[in-house]
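Let me begin by presenting the structure, written as structure tokens, before commenting on it.
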Amino acid sequence: MALRNVQISGTGQLVELSRRLNAAGGPRLKQNFARRIRRAGEPLKTDMQQTIRNLPINAEPRKAGSRGGASPTTRPLRAQIAEAVRLSVRTSGNPGARVWIDRSMLPSDLKFMPEAMNKSNGRIRHPTFGNKGRGGWVNQWTTPLWWEATIRRHTPRMQAEVARVLEDVRRQIT
């Protein structure tokens, strides 16, 4: 299951409001609108990052006789993914707020890891220590659908806040 971008928008209302903002010629009004929409989305972004950082990842027990040891990589997987969470706000075109994972911020071998971690079964399958040739493959498990669960927790608050912002701005331009 692919991670979907989160977009909070009442497209019809936001498009109409964006047109009125342009007609009113108020860049200050538009900046205020964008700032308040961004402020409405910040708690979701922060909670998303916190959720990723605290996401449990459990491994299957080692097989009898297998050798083990510390990971040869020191990259903090969850911290890297959390840092790639972004919030963007648009006031024209398709206005609204969007929370997404910027894959360009991730190393090439981790670009699809957020989707793998969010799968409905919670299974992350990967080669042992990244070695596809020898050593075999292992399964690790995490909380499934964490992205959607985090979004669901924030959706009512964000929708109420965006409606409040829309009403405030509508009052200013009418």
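Values in this document were obtained by computation on a predicted structure and should not be read as measured data.
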Using salt bridge (charged side-chain N to carboxylate O under 4.0 Å, His left out) as the criterion, list what pairs up with Arg39, not counting sequence neighbours. none

Out of curiosity, [X] [atom1] to [Y] [atom2], how far, rounded to the nearest 0.5 Å?
{"X": "Trp146", "Y": "Thr51", "atom1": "CH2", "atom2": "OG1", "result": "8.0 Å"}
{"X": "Ile101", "Y": "Gln49", "atom1": "CD1", "atom2": "CD", "result": "10.0 Å"}
{"X": "Ile81", "Y": "Asp102", "atom1": "CD1", "atom2": "CG", "result": "13.0 Å"}
{"X": "Ile124", "Y": "Asn139", "atom1": "CD1", "atom2": "CG", "result": "9.5 Å"}
{"X": "Arg98", "Y": "Arg90", "atom1": "CZ", "atom2": "CZ", "result": "8.5 Å"}
{"X": "Glu42", "Y": "Glu161", "atom1": "CD", "atom2": "CD", "result": "12.5 Å"}

Shortest non-hydrogen contact from [X] toward [Y]:
{"X": "Ser120", "Y": "Pro144", "result": "O-CB, 3.3 Å"}
{"X": "Met117", "Y": "Leu77", "result": "SD-CD2, 4.4 Å"}
{"X": "Ala40", "Y": "Met158", "result": "O-CG, 3.6 Å"}
{"X": "Phe33", "Y": "Val165", "result": "CD1-CG1, 3.8 Å"}
{"X": "Ile37", "Y": "Ala97", "result": "CG2-CB, 3.7 Å"}
{"X": "Met105", "Y": "Ala84", "result": "CB-CB, 3.8 Å"}

State yes or no: do [X] and [Y] share one hydrophobic cluster built from I, L, V, M, F, W and Y residues joined by side-chain heavy-atom distances below 4.5 Å, directly or via other members?
{"X": "Ile57", "Y": "Ile52", "result": "yes"}
{"X": "Phe112", "Y": "Val85", "result": "no"}
{"X": "Trp141", "Y": "Val138", "result": "no"}

Does Arg86 use its side chain to pair, donor to acceptor, with the backbone of Glu83 at less than 3.5 Å? yes

Main-chain N/O of Pro43 paired to Asp47 side chain as donor or acceptor, under 3.5 Å: no

Counting C-beta onward and ignoring hydrogens, is there a side-chain heavy-atom pair between Lys119 and Thr142 closer than 4.5 Å? no

In the structure I gave you, are the side-chain heavy atoms of Leu106 and Met113 within less than 4.5 Å of one another anywhere? no

Those residues that, when tested against Asp168, pass side-chain contact (heavy atoms from CB on, under 4.5 Å) (two or more places apart): Arg36, Arg164, Arg171

